[in-house]
Structure formats: C-alpha cells, structure tokens
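The structure appears below as structure tokens.
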Amino acid sequence: MMYSYIKGELVEIQPESIVVEAGQIGYEIRMPANMVGRLGGIGQSVKVYTYLHVKEDLMELYGFLSRDDLQVFRLLLGVNGIGPKGALAILTALTPDDLRIAVLGEDAKAIAKAPGIGSKTAQRVILELKDRLSLVPVAGNVSPAAQAISQDSSSAVKAEAVQALVALGYSSSEAWKSVGKIELAPEMTVEELLKLCLKQMSFL
C-alpha cells in the first residue's frame, strides 16, 4: 500500500503528529514539529505528502508539507544507521533548506543538534549526502541562498569568503548562508564579498 499524499481535514494536532480525516478515515501522521506548527488550526483543509514505513508488525505514516521535504527525508533514510525517527529528528532540528547548507558547508555540529544524532552520525550524513543533496530538485519553497550554494559551491571567491567568516567565529552553515544570499558580481574580490557578508550579518 502506497500513499503519495493525503488531503483532508485536520482534526487533531500533537507536538510531533497530526490526524487528518479523509474519506471518513482518520490518518495518524508523524511530522517534524516545525512543520506541524505551520499547518494552521483544527478544521483546516491540509495536503500532506506521505511516506509509509513498514517494519514487522508496525506501520507508520510520516508526513511533510512538500515533495521536496519528503525527498530529503527519503535521502536521510538512505544514510547508514538512520531510521525514520532519526530522519524526523534531523528535520525537526533543521529545515531541509538548512540541512542542505549544513551538509554542503560540512557543518557537523549543526546536524548533531538533532536529538539522538551524535557527531559520528552527523559526519556520516555529510559524507553520504554531500553529492546527493546538491542534486535534489529544488522546489519553490527552498530559499535562493540554498540554490546559490548548491549551484556555485565550487566558486573560489565564495569558498575563501566562507573560510574567512569561519576564522572570525561563524559556523560553516552561517557563513554559507550569508555568502549564498549575495549576488556575486563578475569582478568582485574576496574582500568585497566579505565586507558585504559582515554588513548583512550586522557585524558592521
């Protein structure tokens, strides 16, 4: 049995799960807590993209607000040692957009903030997803910053600016996010880009 998505009335909200009534059936769906809060109130019509996890005598539905969210969840499940609960924990601590930035910026500390995810597992996520996450189709809800980093992560100027920001005490995720928000002019130097980043981050 496979469900692409479930569309119906939101009838119950819990911290990490919801119940959606569709066709007179109430579907209990586990979701990242940060997505549950964006669904609206009881009685709202919602559309949730789902993943059905089957293990022995257990069947659980996991839900997400977009196909991109679901795709990132599936990619996390492909990482050795991460099951649905671990993937859900990561996507509760980090949005898919922030996860891309953490992986592409090799920021294991940001990923390890998820409950139950240690530093070794975080490093494994980076190792196994660095190439695959950059190839995930970018949906409309993903920020321009993540797109810029994904498409231009090899830029020498941006890479040097990120290194400089990290040396100043910013995390790799913060640095990549800041650099990714700035449109790089053809002749822009590392110093000019760094100054714009610092101004953007309210440092100057």
Side-chain angles (χ1 to χ4, degrees), residues 1-6 16-18 27 29-39 46-56 58-154 159 162 171-177 179-180:
M1 181 184 298
M2 294 294 292
Y3 300 100
S4 177
Y5 63 84
I6 294 175
E16 293 185 354
S17 68
I18 61 173
Y27 295 92
I29 306 170
R30 294 176 59 84
M31 292 185 73
N34 54 5
M35 294 185 190
V36 171
R38 292 157 53 194
L39 283 172
V46 297
K47 182 177 182 179
V48 181
Y49 294 90
T50 55
Y51 174 86
L52 178 62
H53 176 64
V54 180
K55 183 180 179 181
E56 298 173 356
L58 177 67
M59 294 177 64
E60 289 183 317
L61 273 173
Y62 290 81
F64 305 90
L65 299 182
S66 73
R67 290 191 185 279
D68 182 65
D69 298 337
L70 175 59
Q71 176 67 1
V72 172
F73 179 76
R74 288 178 179 273
L75 287 175
L76 283 169
L77 291 181
V79 175
N80 185 34
I82 293 186
K85 290 183 179 180
L88 197 70
I90 291 174
L91 291 179
T92 294
L94 299 167
T95 67
D97 194 354
D98 288 338
L99 177 62
R100 281 189 175 89
I101 293 171
V103 168
L104 296 174
E106 299 186 2
D107 189 354
K109 289 184 179 179
I111 299 172
K113 290 179 181 178
I117 303 298
S119 58
K120 288 185 178 180
T121 302
Q123 290 286 358
R124 194 179 306 124
V125 169
I126 292 171
L127 180 64
E128 297 188 25
L129 294 190
K130 189 161 188 180
D131 293 333
R132 300 179 68 191
L133 260 182
S134 63
L135 297 176
V136 171
V138 178
N141 66 312
V142 179
S143 76
Q147 295 185 40
I149 292 168
S150 178
Q151 295 167 0
D152 196 26
S153 59
S154 63
V162 167
S171 70
S172 295
S173 291
E174 290 172 332
W176 273 115
K177 187 178 292 187
V179 168

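Computation of the quantities below employed the complete heavy-atom set of this structure, encompassing side-chain atoms and omitting hydrogens, waters and symmetry-equivalent molecules.
Atom NZ of Lys109 and atom CD of Gln123 lie 11.0 Å apart (nearest 0.5 Å). The structure places CG of Leu61 at 8.5 Å from OH of Tyr27, a figure rounded to the nearest 0.5 Å. For the atom pair CG of Leu88 and CZ of Arg30, the computed distance is 6.0 Å after rounding to the nearest 0.5 Å. Here the straight-line distance linking atom CD of Glu106 with atom CG of Leu127 works out to 9.5 Å at 0.5 Å rounding. Between the CG atom of Leu129 and the CG atom of Leu76 there is a distance of 6.0 Å, given to the nearest 0.5 Å.
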Next item on the list: Show your reasoning for whether side-chain contact (heavy atoms from CB on, under 4.5 Å) applies to Thr121 and Ile82.
Entry: CA-CA 8 Å; Thr121 302; Ile82 293 186; 3.9 Å; yes
Check: Does the side-chain contact (heavy atoms from CB on, under 4.5 Å) test come out yes or no for Met31 and Leu39, once each step is laid out?
Finding: CA-CA 11 Å; Met31 292 185 73; Leu39 283 172; 3.7 Å; yes
Margin query: With side-chain contact (heavy atoms from CB on, under 4.5 Å) as the criterion, how do Leu52 and Met59 come out once you've worked through the C-alpha distance, each side chain's angles and the decisive distance to 0.1 Å?
Written below: CA-CA 7 Å; Leu52 178 62; Met59 294 177 64; 4.0 Å; yes
Next item on the list: Check the pair Tyr51 / Leu70 against side-chain contact (heavy atoms from CB on, under 4.5 Å), numbers first and verdict last.
Entry: CA-CA 7 Å; Tyr51 174 86; Leu70 175 59; 3.7 Å; yes
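Shortest non-hydrogen contact noted between Ile117 and Gly86 is CD1-O, 4.1 Å. The two atoms that bring Thr92 and Pro32 nearest to each other are OG1-CA, 3.3 Å, heavy atoms only. Arg100 and Asp68 make their closest contact through NH2-OD1, 2.7 Å (heavy atoms, listed as atom of the first residue, atom of the second, distance). Between Arg124 and Gly81 the shortest heavy-atom distance is NH1-CA, 4.4 Å. For the pair Ala108 and Ala122, the tightest heavy-atom approach, listed with the atom from each and the gap, is O-CB, 3.5 Å. The two residues Leu94 and Ile111 have their closest heavy-atom pair at CD1-CA, 3.9 Å.
For the pair Arg67/Ser4, a side-chain contact is recorded, criterion being any heavy-atom separation below 4.5 Å from C-beta on. Side chains of Leu65 and Val46 form no contact here, defined as non-hydrogen atoms less than 4.5 Å apart.
Here Thr95 pairs with Asp98 under the side chain to side chain donor-acceptor pair (under 3.5 Å) rule; sequence neighbours left out.
Under the 30°/60° scheme for interplanar angles, the aromatic rings of Phe73 and Phe64 are found to be tilted.
Here the side chain of Asn34 pairs a donor or acceptor atom with the backbone of Leu91 at under 3.5 angstrom.
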